[in-house]
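To start, the structure under review is shown below, and the notes come after it.
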Protein chains: 2
Amino acid sequence: MSAMTKAGEPRYRRIAEELRTAIADHAYGPGGRLPSEEALAAHYEVSRGTIRQALMLLRHDGLVTSRRGTRRVVLHDAPVQDFAEMQSFARWARSIGETPQGTVIRQAWHPSNPDEQHHLRITPTTPVLRVLRLRHLSNRPAMLERTTYPEPVGAIVEPLPPDTVSVTEHLERAGISVADAEHTIDLIRADPEDAEHLHCAVGDPLLRERRRSTDPAGIPLEWSEDRYLPGSIAFVVHNSLASTPLTRHLNS
Amino acid sequence: MSAMTKAGEPRYRRIAEELRTAIADHAYGPGGRLPSEEALAAHYEVSRGTIRQALMLLRHDGLVTSRRGTRRVVLHDAPVQDFAEMQSFARWARSIGETPQGTVIRQAWHPSNPDEQHHLRITPTTPVLRVLRLRHLSNRPAMLERTTYPEPVGAIVEPLPPDTVSVTEHLERAGISVADAEHTIDLIRADPEDAEHLHCAVGDPLLRERRRSTDPAGIPLEWSEDRYLPGSIAFVVHNSLASTPLTRHLNS
DNA sequence: ATACAACTGTTGGCCATACAACTTCGGTTT
DNA sequence: AAACCGAAGTTGTATGGCCAACAGTTGTAT
């Protein structure tokens, strides 16, 4: 455990972290009430505004309610994954105690197609790196990943060994970090290529997650289509009046 | 579109609404930069703090980036659905120009099972109202909904006519409003009941959305399992370093 | 006993200020 | 030409204050 209070982190984030672990440790119980903002401010020796910032984080993650007139109520006592674990298959796998593996099946530069140009916001002439990667979870195939990288990112991904476990972590070391991601989740049927690598039959249903990741400046870093074998995986989303990150779409 | 500036809404929400429509109207362009916070504050004649509150809303919805040192960048120019449209099938259907329909197939009070007791946070002895409802989109079956209501909510839902289009809107009129919802999305195969009502074959893949909705106080209002015919529907989620409402799970 | 009113505690909304951290750009120096 | 430096512009973090809106409770009056 060891809170690992990162020094560079702003105060409200560190406080949010402490509150998170306190909730996960059932310090307040499910349906229990948090101390008042003023009490928390006194305890942490910060202003009420800073406490409110910390509580906003918990609120957006769906851990607590917030409503005028009464103390905040604990909604969930389960720990919430952080952004990095949703962004990196390897990191997620390790966090749930599984051993991730990855194998590049095919990788090459291509002229971009209109779909890629749209999602990566690039001009028709620029090439992209297309990578087909099979992901394993504790030695069993779990997901097939078709990722397209724009030029600067592709240049870093290309020389990596085919069995690189975490591409995301390599990119971070190269100073490329993801700040935003948009996920589209739907159902699709396995094509011959899916079937071959995931060891299923053509036409078998797969859970599809398409994802566009962007850097802090809003520049697209990757456009990926991941196809999961069903039965083992589920996506959990929280939304509320305070923020609505989840929407429903037709056709896609 | 007639902004419909609701009088009771706080200032930062109205400003956020205006900025949303401005973005949707391509006032800044995709990848364009927003005016500085100070400029916006001057324009709307509010303090910078209020502008920041408005911008936080857009940020959490994934419409704009935010990063120290530079102006905000527009990520998407598509309008974002609000919470109500994710919460109500009827409202969503109407917002995309379709005609929603609903039919109650079966409805009865039962003693709650352990699963329901857990998700609705109720004691074993209390009864629940189970409703099986078929949802149509422009006269075609689209989704089969198995919803469980705890006692007070069930008492309001029970007397509604079987072809009620929007249960959510009726509940709102009764003073029951949803503030938070947790969605779990995965893939499942049609059982005989699904197949009968959705006009598909047993074993056909369906997109499943399980949902627990809670009121502003954190009290569960419904526990629902919705099964969508594939091909037509997709779920879109945005997450970022600022807030991580999306997580990935095993087993479910 | 029931309904109403007043009071307390708590969060929401808004303002003003100050400084820190960071990006960008232009000019200077090497 | 390239690297460095500094100034201007912008968002992030934090403090402090004030009042409004609302929930829950307590006490009062009917």
Side-chain angles (χ1 to χ4, degrees), chain A residues 5-17 19 28 31-60 64-75 175 177 179-180 215-219 240-243, chain B residues 6-17 19 28 31-60 63-75 175 177 179-180 215-219 240-243:
Chain A
T5 49
K6 289 197 181 176
E9 291 274 292
R11 234 146 159 187
Y12 74 93
R13 281 192 182 274
R14 274 183 284 171
I15 293 172
E17 220 38 62
L19 290 172
Y28 309 107
R33 291 161 116 110
L34 254 53
S36 74
E37 296 177 356
E38 226 166 329
L40 289 170
H43 177 263
Y44 287 104
E45 295 180 309
V46 295
S47 75
R48 196 184 144 212
T50 302
I51 292 294
R52 284 180 65 79
Q53 281 188 75
L55 290 172
M56 285 293 177
L57 292 181
L58 306 193
R59 181 191 184 189
H60 285 299
V64 299
T65 63
S66 75
R67 151 186 181 240
R68 212 187 316 229
T70 53
R71 296 250 265 269
R72 275 167 233 263
V73 172
V74 176
L75 276 177
S177 64
D180 289 83
D215 77 355
I219 297 169
S240 69
L241 283 172
S243 67
Chain B
K6 290 196 180 176
E9 292 273 291
R11 211 120 185 222
Y12 74 93
R13 281 192 182 274
R14 274 183 284 170
I15 293 172
E17 219 40 60
L19 289 172
Y28 309 107
R33 291 160 115 111
L34 252 55
S36 75
E37 296 177 357
E38 225 168 328
L40 289 170
H43 178 263
Y44 288 103
E45 294 178 308
V46 295
S47 78
R48 198 186 142 211
T50 302
I51 291 295
R52 283 182 65 80
Q53 277 187 287
L55 290 171
M56 284 296 176
L57 292 180
L58 306 192
R59 180 190 184 189
H60 285 300
L63 261 70
V64 299
T65 63
S66 74
R67 148 192 183 238
R68 218 195 288 241
T70 54
R71 296 251 265 269
R72 275 168 233 263
V73 173
V74 176
L75 275 178
S177 64
D180 288 84
D215 78 354
I219 296 169
S240 69
L241 282 173
S243 67

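Keep in mind that this is a model prediction, so the values were computed, not measured. Throughout, a chain's letter reflects where its sequence line sits, starting with A, and its residues are numbered from 1.
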Handout entry: Pairing residues for A:Ala41 by the side chain to side chain contact (heavy atoms under 4.5 Å, CB included) criterion, not counting sequence neighbours
Key =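 A:Ala41 satisfies side chain to side chain contact (heavy atoms under 4.5 Å, CB included) with A:Ile51 only.
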
Nearest non-hydrogen partners of [X] and [Y], listed with the distance:
X: B:Ala16; Y: B:Leu57; value: CB-CD1, 3.9 Å
X: B:Arg59; Y: B:Ser66; value: NE-OG, 2.9 Å
X: B:Pro35; Y: B:Tyr28; value: CD-CE2, 3.5 Å

Handout entry: Interatomic distance, A:Arg14 atom CZ to A:Leu19 atom CG [nearest 0.5 angstrom]
Key =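 With rounding to 0.5 Å, CZ (A:Arg14) is 13.5 Å from CG (A:Leu19).
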
Handout entry: Rounded distance [0.5 Å steps], CZ in B:Arg67 versus CG in A:Asp180
Key =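 Between B:Arg67 CZ and A:Asp180 CG, I get 11.5 Å after rounding to 0.5 Å.
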
Exercise for the section: Run the salt-bridge test on A:Arg52 and A:Glu37 with the 4.0 Å N-O cut-off and return the result as yes or no. Expected result: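 Answer for the salt bridge query: yes.
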
Problem - Earlier contact from the 5' end, DNA chain D, for A:Arg67 and B:Glu38 - result: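 This one resolves to B:Glu38.
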
Exercise for the section: For A:Arg13 and for A:Thr70, locate the closest nucleotide of DNA chain D by heavy-atom distance; then report the residue assigned to the nucleotide nearer the 5' terminus. Expected result: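 The 5'-side residue here is A:Arg13.
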
Problem - All side-chain hydrogen bond (donor to acceptor under 3.5 Å, both in side chains) counterparts of B:Arg71, not counting sequence neighbours - result: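 Testing B:Arg71 for side-chain hydrogen bond (donor to acceptor under 3.5 Å, both in side chains), a comparison that skips the adjacent residues, returns none.
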
Exercise for the section: For B:Arg68 and for A:Glu37, find the nucleotide of DNA chain C with the closest heavy atom, then tell me which residue's nucleotide is more 5'. Expected result: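 Per heavy-atom nearest nucleotide, the more 5' residue is A:Glu37.
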
Handout entry: Within residues 40-50 of chain B, residues whose heavy atoms come under 4.0 Å of DNA chain C
Key =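 DNA chain C contact set from residues 40-50 of chain B: B:Val46, B:Ser47, B:Arg48, B:Thr50.
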
Problem - Verdict with supporting geometry, B:His60 and A:His60, side-chain contact (heavy atoms from CB on, under 4.5 Å) - result: CA-CA 9 Å; B:His60 285 300; A:His60 285 299; 3.4 Å; yes

Practice task
For A:Arg52 and C:dG13, give me the distance from atom CZ to atom C1', rounded to whole Å.
Solution key: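 These atoms are roughly 8 Å apart.
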
Handout entry: Heavy-atom check, side chain of B:Ser177 versus side chain of B:Pro216, under 4.5 Å
Key =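 When only atoms from C-beta onward are counted, B:Pro216 and B:Ser177 do touch, with a gap below 4.5 Å.
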
Practice task
Flag the pair A:Leu40 / A:Arg48 as yes when at least one side-chain heavy-atom distance between them is below 4.5 Å, and no otherwise.
Solution key: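 A side-chain contact under 4.5 Å is absent here.
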
Exercise for the section: Using the heavy-atom set of chain A and a strict 4.0 Å cut-off, write down the first and last nucleotide of DNA chain D that makes it in, 5' to 3'. Expected result: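 Contact span on the strand: D:dT13 to D:dG24.
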
Handout entry: With B:Val64, the side chain to side chain contact (heavy atoms under 4.5 Å, CB included) member among B:Val73, B:Leu75, B:Leu34
Key =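 Of the listed residues B:Val73, B:Leu75, B:Leu34, the side chain to side chain contact (heavy atoms under 4.5 Å, CB included) partner of B:Val64 is B:Leu34.
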
Problem - Of residues 53-60 of chain A, the positions that come close to DNA chain D - non-hydrogen atoms, cut-off under 4.0 Å - result: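 By residue number: none to list.
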
Exercise for the section: Would you kindly say whether B:Arg11 and B:Thr50 are connected by a side-chain donor-acceptor distance under 3.5 Å? Expected result: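 On atom types as modelled, these side chains do not qualify, holding no pair under 3.5 Å.
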
Practice task
Could you check which of C:dT24, C:dG13, C:dT11 has an atom nearest any side-chain atom of B:Pro10?
Solution key: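 Comparing C:dT24, C:dG13, C:dT11 against the side chain of B:Pro10, the answer is C:dG13.
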
Practice task
Ignoring backbone atoms, test whether B:Tyr12 places a side-chain nitrogen or oxygen under 4.0 Å from the OP1 or OP2 oxygen of C:dC14.
Solution key: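 No, no such contact exists.
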
Fill in the blank from the handout: Here DNA chain D, pairs taken as Watson-Crick or G-U under 3.5 Å and shown with ( ), [ ] when crossing and | when to another strand, reads ||||||||||||||||||||||||||||||

